[in-house]
Amino acid sequence: MRHTISVLLQNKPGVLSRVTGLFSGRGFNIESLSVNRTLEADVSCLTLVTTGDDAIVEQITKQLHKLIDIIKVTDNSDADCVERDMILIRVKAEANTRAEVLRIIDIFRGKVVDVGPKTYMIEMTGNATKLQAVVDLLRPIGIQEIVRTGTIAMQRAHKN
Amino acid sequence: MKVSGAQAFIKCLEEQGVEVMFGFPGGAVIDLYDEILKQDKITHVLVRHEQAAVHAADAYGRVRGEVGVALATSGPGATNTVTGIASAYCDSIPMVVFTGQVPTMLIGNDAFQEVDIVGITRPVTKHNYLVKNAEDLVPTIREAFHIARTGRPGPVLIDLPKDVISAMIDFPEMKPVKMRTYRPTYEPHPGQIEKACKAILKAKNPVIYAGGGVIAANSNEELTELANKLGIPVTMTLMGLGGFPGTHDLSLGMLGMHGTYYANMAVAHSDVLIAVGARFDDRVTGRIDAFAPNAKIIHIDIDPASISKNVDVDIPIVADCKHALTAMNSWFDRSDACDPAVTIKKHGPWLKEINDWKKKHPLAYVQDSDIIKPQFVVEKLHELTGGDAIITTEVGQNQMWAAQFYQFNKPRNFMTSGGLGVMGYGFPAAIGAQMAAPDRTVIGIAGDGSLQMNIQELATARQYKCPVKIAILNNHYLGMVRQWQELFYDKQYSATVLDVAPDFVKLAEAYGAVGLRATKPSEVEPVIKEALATDNTVMMDFVVAREEGVFPMVPAGKATTEMLLV
Ligand SMILES: Cc1ncc(C[n+]2csc(CCOP(=O)(O)OP(=O)(O)O)c2C)c(N)n1
Ligand SMILES: [Mg+2]
């Protein structure tokens with residue numbers, strides 16, 4: 001099963017390699033990873049997506065916790081949370097396909113951020129499933145290149 | 001008043017109560033050595049290989065229950081420490097290792113004797129540091145000792161660039177270390193203690209499975225109290241030996257691959273298994289689905305990641321073993337539900353069953369009147385030291401025979417490289433143990449193969465007048481590997497024959513130590529007696545039955561009940 005894990009860590013040299021080293025050393029798998037600063041200057045938030053059964057994910061969270069520089073580990077799987085990736089897509093946009101491309105990205109609320117003689121660069125955010133759907137739709141038209149960020153996630157506010 | 005980084009280093013070690021450190025110099029740490037010479041509170045033991053410094057610090061820390069300290073220079077000095085650090089990590093031994101590093105401005109330039117030792121040791125340390133700013137030096141050392149000795153203990157490495165050691169700094173006042181991200185749990189959850197105690201009271205066939213955590217937490221007395229109170233048999237891991245008296249009626253000895261028949265049978269037939277500071281290592285469990293298949297499992301461990309890692313645990317207790325066992329003992333003392341006499345009586349049939357197993361297959365070997373049996377040597381060592389020596393071992397058959405036949409009644413008397421199984425551990429460990437306890441008898445039980453991996457430490461032992469007694473169980477084989485080849489590889493003794501070997505007696509003499517040899521069973525006792533009476537480093541070469549095997553043995557991947565017996 002897919003798990004999105006949020007890790008708050010101290011912003012010190014080598015912390016990221018402690019995390020990735022733990023995954024490679026113990027044979028855990030990382031599907032995507034994203035790190036950046038938080039409101040606190042010396043604290044970063046790392047979001048990673050991994051797959052594994054409950055026992056493996058329990059081990060992953062415990063092992064992460066054990067790293068000295070790690071402040072907090074949250075497995076978001078059981079929580080109601082918003083997850084987002086961002087994608088940049090360079091897609092062929094010639095006279096006969098331009099309108100189709102624009103129509104598709106409009107439905108998914110993407111936007112054109114760069115225009116070349118025969119291509120558009122499209123920027124879009126969404127969860128992994130949505131972005132995959134766009135890629136699948138645009139592929140027949142001719143995708144030249146994609147770049148995707150790792151997933152980031154935030155839990156929704158409690159309703160009451 | 002300003003001090004140099006090197007002076008601050010010494011002051012920090014003094015603050016931490018360090019009396020002995022083990023090391024080997026080089027260009028990057030020459031400033032530290034200059035300060036070491038100027039003081040006399042800390043004894044520096046010059047080893048002859050940095051790996052030995054770390055093993056010696058490991059055993060020193062174990063004997064004293066303190067943090068061991070080792071020092072090496074940059075580059076090759078640092079890489080030579082890696083095996084020792086990894087061994088200490090596997091065995092959860094508190095230790096701080098200092099390595100020299102090239103000056104900060106050269107880091108990353110492939111400078112002479114530069115290695116990224118922090119990168120290399122990341123997976124084998126509890127934590128590690130590269131000190132880039134001289135002001136961080138003192139707080140880093142204090143934090144490192146704190147991390148090494150608290151929680152699940154372990155080795156911490158500090159990499160010290162040369163300019164950091166020579167910089168002039170203010171020496172900050174000592175304050176308790178407070179860390180935002182590191183707060184081990186010592187106190188057990190009372191609800192979990194109650195659950196565990198109730199499960200124990202319901203048990204018909206309970207077994208305690210005690211590991212190195214019992215010793216690390218100094219909780220052998222609490223463990224013994226629990227076992228005695230309710231009449232629960234205790235089996236120990238290799239790391240747990242001495243955590244419960246080996247000669248006690250309730251002791252089952254060691255379990256696992258070379259555990260006793262009755263320990264493995266008891267665990268397999270248990271209905272409640274109480275794991276205390278143990279980690280369900282594959283050498284203990286054998287085939288995992290056949291390990292204690294019908295037992296409710298209670299697991300006390302200070303490291304949450306050890307719990308439910310290899311087997312599903314029914315009642316986890318994250319806590320220091322001493323705190324958890326104390327809480328359990330007092331629960332039983334307070335509870336109306338518990339009448340110890342009744343419980344002990346209820347366990348009668350179970351203890352009888354276990355005793356029948358003990359009678360059926362005791363730990364045994366076939367005596368021989370012409371050839372020395374290695375087990376006989378270990379038994380004699382036990383007898384002639386009153387079971388009260390500090391024993392270190394190498395790795396292989398010698399290690400298992402030591403574990404099986406030297407019955408440890410007290411903790412911190414048995415030093416072995418358990419988790420990593422490092423050949424070459426035992427001799428430097430014996431030196432470290434002797435430095436920690438100058439008045440005790442220290443015996444290094446050795447294999448002829450392993451001993452040669454750190455034989456150069458004869459010079460260290462002599463230099464520091466360590467009267468360690470090395471007992472070589474000399475089978476002229478890499479015996480443990482040979483045993484596997486005999487049993488599972490059609491007796492193809494590939495690369496395990498050690499026919500070419502030094503004359504260990506002459507070798508000892510070459511270093512100014514004493515060499516003794518026994519080739520017949522009748523010579524064993526006189527040789528040991530002479531060694532014990534000698535105030536010098538002694539190497540005893542026991543020429544033993546070459547193809548003796550270690551039994552019982554659970555073949556790799558088999559259930560622990562599928563033992564090969566003598
Ligand atoms: C550094 C290292 N290399 C290889 C091994 C694999 N190994 C385990 S036991 C053993 C044989 C040890 O031989 P010896 O020291 O003579 O002990 P014996 O088994 O004969 O008592 C070997 C090679 C190891 N444990 N450590
Ligand atoms: Mg041998």
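Just so we're on the same page: letters track the sequence lines, and every chain starts at 1.
Applying the 6.0 Å contact sphere to CG of A:Asp54 captures no more than 12 heavy atoms from other residues, nucleotides or ligands. Applying the 6.0 Å contact sphere to NZ of B:Lys195 captures no more than 12 heavy atoms from other residues, nucleotides or ligands. The environment of CE in B:Met174 is crowded: more than 12 heavy-atom neighbours from other residues, nucleotides or ligands sit within 6.0 Å. Within 6.0 Å of CG in B:Asp289 there are more than 12 heavy atoms belonging to other residues, nucleotides or ligands. When the shell of 6.0 Å around CE of A:Met1 is examined, it contains more than 12 heavy atoms from other residues, nucleotides or ligands.
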Run the side chain to side chain contact (heavy atoms under 4.5 Å, CB included) check on A:Arg18 and B:Asn128 step by step: do they pass? CA-CA 10 Å; A:Arg18 289 186 202 281; B:Asn128 60 15; 2.9 Å; yes
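Here B:Arg122 contributes atom CZ and A:Thr20 contributes atom OG1; the two are 8.0 Å apart, rounded to the nearest 0.5 Å. Rounded to the nearest 0.5 Å, atoms NZ (A:Lys62) and OG (B:Ser306) are 8.5 Å apart. Taking CD1 of A:Ile68 as the start and NZ of B:Lys126 as the end, the distance is 5.5 Å to the nearest 0.5 Å. To the nearest 0.5 Å, atoms NZ (A:Lys12) and OH (B:Tyr129) are separated by 6.5 Å. Summarising the geometry, atom CD belonging to A:Glu58 is positioned 8.5 Å from atom CG belonging to B:Asp312; distances are rounded to the nearest 0.5 Å. Expressed to the nearest 0.5 Å, how far CE of B:Met179 lies from CG of A:Asp69 amounts to 7.0 Å.
Residues of residues 291-305 of chain B having a heavy atom under 4.5 Å from any heavy atom of chain A, listed by number: B:Asp303, B:Pro304, B:Ala305. The stretch residues 33-49 of chain A places A:Glu40, A:Val43 near chain B, each with some heavy atom under 4.5 Å from a heavy atom of that chain.
Annotation: maximal heavy-atom pairing with chain B below 4.5 Å, among A:Gly21, A:Ala55, A:Ser17, A:Gly25, occurs at A:Ser17. Ranked by heavy-atom pairs under 4.5 Å with chain A, the first of B:Lys132, B:Arg180, B:Lys309, B:Arg152 is B:Arg180.
For a residue to count as touching a neighbouring chain, one of its non-hydrogen atoms must lie under 4.5 Å from one of that chain's; by this rule A:Ile70 touches chain B with the backbone only. When heavy atoms are compared at a cutoff of 4.5 Å, B:Ile147 approaches chain A solely by way of its side chain, counted from C-beta outward.
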